Amino acid sequence: MHAFLQSEGNTGMPVIFSTEIDISTMQAGDFKVTTRSGASGKMHCASVLPATDPGELRTVLLIGQLGPAESDPPVRVDVVGHLQSIDGTLDFQGASASVIPLEDGPSIVLAEVVEDWTLVGTLGPRRVRGSLCPTEGVVQAIRVTWEGGVTLKDGNEPGEAERDLYTITVEAPDGTRNEVKPLALANLGDGDNNHMLCMDTIDRPISVSFPESVFTDPNDDLNPATKIDVTPYR
């Protein structure tokens with residue numbers, strides 16, 4: 001579980017789980033946020049919007065009394081209620097995470113091969129539907145999850161230049177490794193913290209990296225250079 005303070009006014013915090021969650025078991029009271037002084041405030045809302053595409057129900061946005069960033073910032077998030085995983089096999093009660101400081105830029109926290117990439121952008125309310133991978137040439141895709149929503153410095157969505165900045169290390173059947181670029185960048189325009197890297201190779205993805213100072217979070221902090229191993233589809 002990752003927690004990333006990311007909202008002007010110190011009132012919002014994305015919390016990212018290791019698996020998708022059963023939102024029918026979720027309520028604001030399931031979460032406790034503790035500040036540096038040991039205080040805790042009331043959570044007013046917990047929502048998965050706008051990350052509602054298949055495979056994305058792991059990012060929860062908490063809105064509440066999180067403490068002032070300057071004098072008493074939040075340092076810890078605990079799950080105190082019985083919040084279940086989407087398959088019902090996990091109860092996250094007792095899970096906790098340290099809060100990433102507000103001034104730190106966003107990094108990638110998850111990269112996974114997905115089976116349902118053709119469905120992204122087709123489910124949920126229209127305003128939170130991401131763009132699709134091309135229908136031709138794509139043979140697999142990787143979902144990349146950032147610590148919070150990211151855009152370019154001018155607030156626009158990434159384009160071809162940013163697609164080319166993603167680097168995927170892949171392994172061929174003979175064991176050799178190469179670095180490739182995604183054929184296309186998808187799951188854009190929905191305001192969430194996920195990108196889809198659409199690939200035209202069947203070689204096994206090993207890791208994903210992205211250079212520093214390209215994306216900003218809602219606090220206008222630039223991302224550091226970030227790299228993460230790819231989780232295979234289960």
Side-chain angles (χ1 to χ4, degrees), residues 4 6-7 12 14 16-17 19-21 23 47-61 86 105-170 179-203 205 207-211 213-218 220 222-223 226-228 230-233:
F4 185 66
Q6 185 180 301
S7 179
I16 303 171
F17 287 83
T19 68
E20 288 191 280
I21 62 172
I23 60 175
S47 174
V48 295
L49 288 171
T52 59
D53 277 318
E56 292 183 354
L57 297 179
R58 64 177 79 234
T59 300
V60 177
L61 178 63
I86 198 169
S107 296
I108 299 172
V109 295
L110 175 73
E112 63 177 350
V113 176
V114 294
E115 185 182 50
D116 53 11
W117 52 271
T118 59
L119 297 178
V120 171
T122 64
L123 301 177
R126 186 170 298 279
R127 66 184 177 88
V128 294
R129 296 183 189 178
S131 59
L132 292 166
C133 285
T135 56
E136 296 184 2
V138 178
V139 295
Q140 64 175 327
I142 299 171
R143 177 183 296 108
V144 171
T145 302
W146 290 80
E147 285 167 332
V150 290
T151 62
L152 298 178
K153 298 174 187 178
D154 59 6
N156 289 324
E157 288 288 318
E160 279 298 294
E162 291 70 42
R163 173 200 62 79
D164 194 54
L165 293 176
Y166 274 107
T167 299
I168 307 166
T169 300
V170 297
E179 293 186 345
V180 301
K181 303 294 184 177
L183 176 69
L185 185 58
N187 198 13
L188 304 176
D190 56 357
D192 68 23
N193 58 325
N194 297 278
H195 289 161
M196 195 70 73
L197 310 184
C198 314
M199 301 175 62
D200 59 358
T201 175
I202 61 171
D203 290 347
S207 65
V208 173
S209 62
F210 195 82
S213 302
V214 178
F215 293 142
T216 65
D217 60 27
D220 292 329
L222 288 166
N223 72 282
T226 181
K227 182 177 181 179
I228 195 166
V230 175
T231 302
Y233 173 73

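Note that the coordinates shown come from a computational prediction; the quantities given were computed from them, not determined experimentally.
With rounding to the nearest 0.5 angstrom, the OH atom of Tyr166 is 6.0 Å from the CG atom of Leu185. Rounded to the nearest 0.5 Å, atoms OG (Ser209) and CD (Glu179) are 6.5 Å apart.
Between the side chain of Ser131 and the backbone N or O of Asn187, at least one donor-acceptor pair lies under 3.5 Å. No donor-acceptor distance shorter than 3.5 angstrom exists from the side chain of Arg143 to the backbone of Glu56, with no hydrogens or angles considered.
Ion pairing of Arg58 with Glu112 is present here, as a side-chain N (NZ or NE/NH1/NH2) and a carboxylate O approach within less than 4.0 Å.
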Is there a side chain to side chain contact (heavy atoms under 4.5 Å, CB included) between Met196 and Val144? Walk through the geometry before answering. CA-CA 6 Å; Met196 195 70 73; Val144 171; over 6 Å; no
Please walk me through it: do Asp192 and Thr59 pass side chain to side chain contact (heavy atoms under 4.5 Å, CB included)? CA-CA 9 Å; Asp192 68 23; Thr59 300; over 6 Å; no
Would Ile142 and Ile168 satisfy side chain to side chain contact (heavy atoms under 4.5 Å, CB included), going step by step from the backbone distance to the final call? CA-CA 10 Å; Ile142 299 171; Ile168 307 166; 3.9 Å; yes
With side chain to side chain contact (heavy atoms under 4.5 Å, CB included) as the test, would you mind laying out the steps for Thr167 and Lys227 before giving the verdict? CA-CA 9 Å; Thr167 299; Lys227 182 177 181 179; over 6 Å; no
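For the pair Pro218 and Gly149, the tightest heavy-atom approach, listed with the atom from each and the gap, is CD-O, 3.6 Å. Listed here is the closest heavy atom pair of Asp217 and Gly105: OD2-CA, 4.2 Å. Summarising the geometry of Ala141 relative to Cys133, their closest heavy-atom pair is CB-SG, 4.5 Å, with the distance given to 0.1 Å. Among all heavy-atom pairs drawn from Ala51 and Asn194, the shortest one is CB-ND2, 3.9 Å.
Counting heavy atoms from C-beta on, the side chains of Asn223 and Val214 come closer than 4.5 Å. Between Thr231 and Leu110, the closest side-chain pair of non-hydrogen atoms falls below 4.5 Å. Side-chain contact between Val230 and Val208 is present, with heavy atoms from C-beta onward closer than 4.5 Å. By the 4.5 Å heavy-atom criterion applied to side chains, Leu61 and Val48 are not counted as neighbours. Val138 has its side chain out of reach of Met199: every pair of non-hydrogen atoms, C-beta onward, lies at least 4.5 Å apart. In this structure, the side chains of Ser47 and Val60 stay at 4.5 Å or more apart for every pair of heavy atoms. Using a 4.5 Å cut-off on side-chain heavy atoms (C-beta onward), Trp146 and Thr226 make contact. For the pair Asn193 and Pro14, the minimum side-chain heavy-atom distance is 4.5 Å or more.
Residues passing the salt bridge (charged side-chain N to carboxylate O under 4.0 Å, His left out) test with Glu136, sequence neighbours excluded: none. Evaluation of the side-chain contact (heavy atoms from CB on, under 4.5 Å) rule for Ile228 yields Ile108, Ala111 as partners, not counting sequence neighbours.
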Which pairs of donor and acceptor atoms, one on a side chain in residues 150-157, lie under 3.5 Å apart (sequence neighbours left out)?
| unit_1 | atom_1 | unit_2 | atom_2 | d |
| --- | --- | --- | --- | --- |
| Asp154 | OD1 | Asn156 | N | 3.0 |
| Asp154 | OD1 | Asn156 | ND2 | 3.4 |
| Asp154 | OD2 | Asn156 | ND2 | 3.0 |
| Glu157 | OE1 | Gly189 | N | 3.3 |

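Between His195 and Phe210, the ring centre distance reaches or exceeds 6.0 Å.
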